[in-house]
Amino acid sequence: MLIVKKFGGTSVGDKERMYNVANRCIEEYKKGNDVVVVLSAMGKYTDELISMAHDMDDKPPKREMDMLLTIGEQMSVSLMAMVMHKLGVPAISLNAFQVTMHTTSSHQNARLKRIDTERIRRELDARRIVIVTGFQGVDKYDDYTTLGRGGSDTTAVALAAALHADACEIYTDVDGVYTADPRKVPNARKLKEITYDEMLDLATSGAGVLHNRSVEMAKKYGVPLVVRSSLNNSEGTVVKEVVSVERMLISGVALDTDAVRIAVLGLRDVPGVAFKVFDTLAKKNINVDVILQSIGRAGTKDISFTVNKDDLDDAVATLEESQERLGFKELHSERNIAKLSIVGSGMLSNPGVAAKMFESLYNEGVNINMISTSEIRITVLINEKDGIRAMNAVHDAFGLAD
């Protein structure tokens, strides 16, 4: 069997945890399996690098940020290889150039295009544990790129797909996927299994367990995923196409406090205006989520939408540069907001789900600013200060407590 194991930053945060991870991988190796390990940067090292960068330049170039941030993963994999050598097991560390991990050229949010697997295969054939840097890639200009926060998950799933791995295990500081973040909702319940679609919507909505693009890729290539804790041996949560248990009405509640709202006011009420606004943002690789368009009045209309807070300055600058072409009158932005979402395939066949969610928010005195829905997700925009209280209220309203 070939198994890909990914460990997050807290899992390799210090020497003791490094040895713990090494022993878990070696245990798999001694069963006769081929083992590929993907690592994030140690602990909060990425945050330290970001802080150092902003100390030098309050708006550092994205290319140079990628050059800097790749240091973290390279440190992790080389130290892990040393630990395994100390434990008497052959291992080798490889970075994005040595694999090679080919990506687009969108710095800090690149997408994987393909992976050259020859080097990894050769090392596995030599019975080495292969330890690969997560989060990073190489573009056509031979520059380092990074895949965005949580990108090591995507690296692991992509490697599992390219190598036709038998399993892909994602190890985190929680022991599976919960009905809500257990750090924010103390009575959240661990799920034994969840569908790709539900996990994708939860990840997109702010659940920090898995990177949304990793789930998207796992679904596309049928990669079997298991989310487990690196700190204990519990079974974890299986993410797959179809789950065998009776469908719950709601699988989970997610809160995203990294969103900001932009309002474009006084647009002309004519065909093609919305296309021009969002095409302008798309050309700058700015992702837009919740969208609300007002009813046209006096020949004008307003469009509000959310973007990630890291994209706010770029989005505002891009729209302001195009104001004359787009023809809007004003541009407003708001930071102190949160996206609260419920996700579940069960809501497809159950009317009244939205009403129950809105009732629970009303009972808590939480005002809703915007609403977005899909077949298996309802998202509302609320004030950030109400976020955790609202999350707990909705979680309780749907009986998700352990």
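Everything quoted here is computed from the prediction, not taken from an experiment.
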Any chance [atom1] of [X] has more than 12 other-residue heavy atoms, nucleotides or ligands included, within less than 6.0 Å?
X: His54; atom1: NE2; answer: yes
X: Glu64; atom1: CD; answer: yes
X: Lys184; atom1: NZ; answer: yes
X: Arg119; atom1: CZ; answer: yes
X: Gln323; atom1: CD; answer: yes
X: Met52; atom1: CE; answer: no
X: Met67; atom1: CE; answer: no
X: Tyr221; atom1: OH; answer: no

Ignoring hydrogens and geometry, is there a side-chain-to-backbone donor-acceptor pair from [X] to [Y] under 3.5 Å?
X: Asn383; Y: Ile337; answer: no
X: Arg189; Y: Tyr178; answer: no
X: Asp153; Y: Asn212; answer: no
X: Glu73; Y: Ala41; answer: yes
X: Arg127; Y: Tyr29; answer: yes
X: Ser51; Y: Asp47; answer: no
X: Tyr45; Y: Gly9; answer: no
X: Thr100; Y: His102; answer: no
X: Ser76; Y: Leu39; answer: no
X: Asp116; Y: Glu118; answer: no

To check you understand the geometry: which heavy-atom pair defines the closest contact between [X] and [Y], and what is its length?
X: His211; Y: Gly151; value: ND1-CA, 3.9 Å
X: Ala263; Y: Ser304; value: CB-OG, 3.7 Å
X: Val288; Y: Phe278; value: CG1-CE2, 3.8 Å

Salt bridge (Lys or Arg N to Asp or Glu O under 4.0 Å) evaluation trace for Arg17 with Asp173 | CA-CA 11 Å; Arg17 292 188 176 188; Asp173 55 351; over 6 Å; no
Would you give the length of the straight line joining atom CZ of Arg111 to atom CE of Met217, rounded to the nearest 0.5 angstrom?
-> 8.5 Å
Can you tell me how far CE of Met370 sits from CZ of Arg261, rounded to the nearest 0.5 angstrom?
-> 6.5 Å
Verdict with reasoning, Thr133 to Thr70, per side chain to side chain contact (heavy atoms under 4.5 Å, CB included) = CA-CA 8 Å; Thr133 52; Thr70 52; over 6 Å; no
Show your reasoning for whether side chain to side chain donor-acceptor pair (under 3.5 Å) applies to Asn109 and Arg213.
-> CA-CA 11 Å; Asn109 195 33; Arg213 292 215 304 267; 3.2 Å; yes
Would you call Glu169-Lys6 a salt bridge at under 4.0 Å N-O?
-> no
Using 4.0 Å as the upper bound for N to carboxylate O, is an ion pair formed by Arg377 and Asp197?
-> no
So do [Y] and [X] actually touch side chain to side chain, heavy atoms under 4.5 Å?
X: Leu292; Y: Ile303; answer: no
X: Val307; Y: Val260; answer: yes
X: Leu159; Y: Ile120; answer: yes
X: Met101; Y: Val138; answer: no
X: Ile342; Y: Val353; answer: yes
X: Leu326; Y: Val273; answer: no
X: Val4; Y: Val38; answer: yes
X: Leu331; Y: Val316; answer: yes

Measure from NZ or CZ of Arg63 to the centre of the six-membered ring of Tyr141, then state whether that distance is under 6.0 Å and the direction lies within 45° of the axis.
-> no
Could you give me the CA-CA distance, side-chain angles and deciding distance for Lys339 and Asp289, then say whether salt bridge (Lys or Arg N to Asp or Glu O under 4.0 Å) is met?
-> CA-CA 10 Å; Lys339 289 190 303 182; Asp289 190 11; 2.3 Å; yes
Among side-chain atoms of [X] and [Y], is any donor-acceptor pair under 3.5 angstrom?
X: Ser152; Y: Ser40; value: yes
X: His107; Y: Thr145; value: no
X: Glu330; Y: His332; value: yes
X: Glu384; Y: Thr257; value: no

Quick one: do Lys113 and Thr104 satisfy side chain to side chain contact (heavy atoms under 4.5 Å, CB included)? Show the steps, please.
-> CA-CA 7 Å; Lys113 295 165 68 177; Thr104 61; 4.0 Å; yes
Assess whether salt bridge (Lys or Arg N to Asp or Glu O under 4.0 Å) is satisfied between Arg228 and Glu235, documenting all intermediate values.
-> CA-CA 7 Å; Arg228 302 180 63 183; Glu235 287 301 312; 5.6 Å; no
Step by step, work out the side chain to side chain donor-acceptor pair (under 3.5 Å) result for His395 and Thr179.
-> CA-CA 8 Å; His395 189 268; Thr179 51; 2.7 Å; yes
Take Ser234 and Asn232 through the test side chain to side chain donor-acceptor pair (under 3.5 Å) and record every step on the way to the result.
-> CA-CA 6 Å; Ser234 64; Asn232 60 52; 2.8 Å; yes
Could you walk me through whether Leu267 and Val277 pass the side chain to side chain contact (heavy atoms under 4.5 Å, CB included) test, one step at a time?
-> CA-CA 10 Å; Leu267 287 158; Val277 169; 4.1 Å; yes
Do the rings of Tyr144 and Phe97 sit parallel, tilted or perpendicular, given the 30° and 60° boundaries?
-> perpendicular
Can Thr379 and Thr373 be said to form a side chain to side chain contact (heavy atoms under 4.5 Å, CB included), step by step?
-> CA-CA 6 Å; Thr379 297; Thr373 65; over 6 Å; no
Test Thr146 against Asp66 for side chain to side chain donor-acceptor pair (under 3.5 Å), laying out the working first.
-> CA-CA 6 Å; Thr146 60; Asp66 280 357; 2.6 Å; yes
Output, in order, the C-alpha distance, side-chain angles, deciding distance and verdict of salt bridge (Lys or Arg N to Asp or Glu O under 4.0 Å) for Asp279 and Lys283.
-> CA-CA 6 Å; Asp279 183 58; Lys283 286 176 178 174; 3.2 Å; yes
Could you check Ile170, Val227, Ile194 and say which one makes a side chain to side chain contact (heavy atoms under 4.5 Å, CB included) with Val209?
-> Val227
